[in-house]
J.: 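I'd like to ask some things about the structure below.
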Amino acid sequence: MRKESSMASSSPSKTSGPSASAGGTPSSTTELGVIVPYPEEAIARRSFEPVAAPEHPLVRGARSVAASVLPTMVMIAVLLAFWQLLCGSPSATFPSPLAVWEQSHDVIIHPFKGVDIGLTHFSIQDGGDVGIAGHVLTSLSRVLIGYSIAAVIGVALGILIGQSVFAFRALDPLFQVLRTVPPLAWLPISLAIFQQAQPSAIFLIFITAIWPVILNTAAGVQTIPAAYRNVAKVLALNPVEYFTRIMLPATVPHMFTGLRIGVGMSWLAIVAAEMVQGGTGVGFFIWDSYNSSLLTDTIVALIWIGMVGFTLDRIVSFAGRIIGRAG
């Protein structure tokens, strides 16, 4: 009994003290962490890049053009400096850029001599002194006719042999043989058939440009996914709808690859044909300059040929992107 009374007397001592509140609700003591402020020295060392103001669209476009053009311009300047360094001495047998400018100044400054250009036509003076642009326009008119015919017939034949297994087995070996014939090898045959320089040159362009158009178009048709063909069957598309909605969008990349190759080969073929045939055209201008010992005029003509060929390639490539997006 004494032990129990001692325990009872000791228990109130445990509840008494700060742990018991007046309302009977126990409270606990919580130790809060000390908040250390961020050092002002570190704040002073922090630096943020200023937010750039939005660029004007014209400024952004100018930057884009400069980024694409400046590397080419720098490379051209380096090549001209290297060319001048190699051929600038009086004993050099090949003319330097300065010599080309001095000796062919009239050809460079007056390329449209003897050319009358209208809104829908151009005419070139018969005989006399004609500028380099007149010869280039004559060659381009021939290329336009021959290449257009090759593009239309080449795309049609490419679709035919791409769609028909029988047509592919019958015509593909023949096309593979004919496409390896050099362009100038067709010149005697074209002259024998047409008996005139103008139509024979157009035929030479046609027979040179058609092979890459046919083969690339056929490859594009043959690689159309089977799912696309099944969708066309399910939707019961007629031939026109199948061509515009399925075949054309799927084959545009291959088709225009062949067209780009074809236009380059057309430009090469017409220059070579005009060098052999004579008469008019940029090929004739080169051969006549060579026979007249005007090597600087030949160099100017080569630059014109390169720039025109580059422009033709870009035009066909641009047309391919437009048609691809429309499809």
Side-chain angles (χ1 to χ4, degrees), residues 68 140 142-183 185-186 202-272 305-327:
S68 60
L140 279 176
R142 295 167 177 167
V143 168
L144 178 62
I145 298 172
Y147 176 73
S148 300
I149 299 173
V152 173
I153 297 179
V155 169
L157 288 176
I159 293 174
L160 174 63
I161 67 174
Q163 284 286 98
S164 172
V165 177
F166 176 80
F168 177 80
R169 292 175 179 174
L171 297 176
D172 183 68
L174 179 63
F175 293 160
Q176 294 294 342
V177 171
L178 293 178
R179 74 179 184 89
T180 60
V181 178
W186 293 99
I202 294 174
F203 173 79
L204 186 66
I205 296 167
F206 164 79
I207 205 68
T208 303
I210 194 172
W211 310 123
V213 179
I214 292 175
L215 298 179
N216 281 275
T217 303
V221 173
Q222 292 171 346
T223 55
I224 295 177
Y228 291 6
R229 301 178 186 272
N230 294 333
V231 169
K233 293 178 181 178
V234 170
L235 297 178
L237 300 179
N238 58 45
V240 176
E241 293 174 337
Y242 176 75
F243 177 78
T244 56
R245 298 183 181 183
I246 302 295
M247 184 181 297
L248 184 61
T251 59
V252 159
H254 294 82
M255 185 186 303
F256 275 88
T257 298
L259 290 172
R260 290 179 66 181
I261 297 173
V263 74
M265 295 181 66
S266 298
W267 190 235
L268 295 176
I270 190 58
V271 173
I305 290 171
M307 291 191 300
V308 172
F310 175 78
T311 304
L312 292 175
D313 179 79
R314 292 303 178 183
I315 291 173
V316 176
S317 177
F318 177 75
R321 289 196 300 269
I322 295 299
I323 294 176
R325 292 171 186 172

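Quantities reported herein were computed from a predicted structural model and do not represent experimental measurements. FYI, the numbering just counts along the sequence from 1.
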J.: I need the full list of side chain to side chain donor-acceptor pair (under 3.5 Å) pairs touching residues 217-227, with sequence neighbours left out, sorted by first then second residue.
T.: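 Passing the test, one end in residues 217-227: no pairs.
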
J.: Quick one: which residue pairs count as a ring pair (Phe, Tyr, Trp, His ring centres under 6.0 Å) with a foot in residues 219-251, not counting sequence neighbours?
T.: none

J.: Considering non-hydrogen atoms only, spot the tightest contact between A151 and L259 and give its length.
T.: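 That would be CB-CD2, 3.7 Å.
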
J.: Which pair of non-hydrogen atoms, one from T208 and one from A269, has the smallest distance, and what is that distance?
T.: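 Nearest pair, atom of T208 first, then A269: OG1-CB, 3.8 Å.
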
J.: Donor-acceptor pairs under 3.5 Å, side chain of residues 246-254 to any protein atom, not counting sequence neighbours: which ones?
T.:
residue, atom, partner, partner atom, Å
T251, OG1, M247, O, 2.7

J.: Can you give me the closest heavy-atom contact between I261 and P212, atom names plus distance?
T.: CG2-CB, 3.8 Å

J.: Using salt bridge (Lys or Arg N to Asp or Glu O under 4.0 Å) as the criterion, list what pairs up with D313, not counting sequence neighbours.
T.: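 If we apply the salt bridge (Lys or Arg N to Asp or Glu O under 4.0 Å) test to D313, skipping adjacent residues, the hits are R260.
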
J.: Roughly how far, to the nearest 0.5 Å, is CD1 of I305 from CG of L268?
T.: 9.0 Å

J.: Say you draw a straight line from CG of L171 to CD1 of I214; how long is it, rounded to the nearest 0.5 Å?
T.: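 The CD1 atom of I214 is 8.5 Å from CG of L171, to the nearest 0.5 Å.
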
J.: Could you grab the distance from atom CG of N238 to atom CZ of R245, nearest 0.5 Å is fine?
T.: 8.5 Å

J.: Just by distance, do the side chain of D172 and the backbone of F168 share a donor-acceptor pair under 3.5 Å?
T.: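 Here the side-chain-to-backbone pair does not exist.
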
J.: Restricting to side chain to side chain donor-acceptor pair (under 3.5 Å), what partner residues turn up for T311, sequence neighbours left out?
T.: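 Scan of T311 (side chain to side chain donor-acceptor pair (under 3.5 Å), adjacent residues dropped) gives none.
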
J.: Using 0.5 Å steps for rounding, measure from the CD atom of Q163 to the CD1 atom of I224.
T.: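 If we round to the nearest 0.5 Å, Q163:CD and I224:CD1 are 6.0 Å apart.
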
J.: State which residues pass side chain to side chain contact (heavy atoms under 4.5 Å, CB included) with A319; sequence neighbours excluded, sorted by chain then number.
T.: F256

J.: NZ/K233 to CG/L235 distance, rounded to the nearest 0.5 angstrom?
T.: 13.0 Å

J.: In chain order, what residues pass the ring pair (Phe, Tyr, Trp, His ring centres under 6.0 Å) check against F175, with sequence neighbours excluded?
T.: W211

J.: Could you tell me whether the side chain of V221 reaches within less than 4.5 Å of the side chain of M255, counting heavy atoms only?
T.: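 SC-SC contact between M255 and V221 ruled out.
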
J.: By side chain to side chain contact (heavy atoms under 4.5 Å, CB included), which residues pair with V152, not counting sequence neighbours?
T.: none

J.: Can you name the residues that form a side chain to side chain contact (heavy atoms under 4.5 Å, CB included) with V143, not counting sequence neighbours?
T.: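 Scan of V143 (side chain to side chain contact (heavy atoms under 4.5 Å, CB included), adjacent residues dropped) gives Y147, I205, S266, W267, I270.
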
J.: Apply side chain to side chain donor-acceptor pair (under 3.5 Å) to R314 and list each qualifying residue two or more places apart in sequence or on a separate chain.
T.: none

J.: Got a sec, which pairs hit salt bridge (charged side-chain N to carboxylate O under 4.0 Å, His left out) with one end in residues 212-225, sequence neighbours left out?
T.: none

J.: How long is the span from the CG atom in L215 to the CD1 atom in I210, to the nearest 0.5 Å?
T.: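 Rounded to the nearest 0.5 Å, the CG-CD1 separation comes out at 10.0 Å.
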
J.: State which residues pass side chain to side chain contact (heavy atoms under 4.5 Å, CB included) with A167; sequence neighbours excluded, sorted by chain then number.
T.: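 Only L160, I161, S164 meet the side chain to side chain contact (heavy atoms under 4.5 Å, CB included) criterion with A167.
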
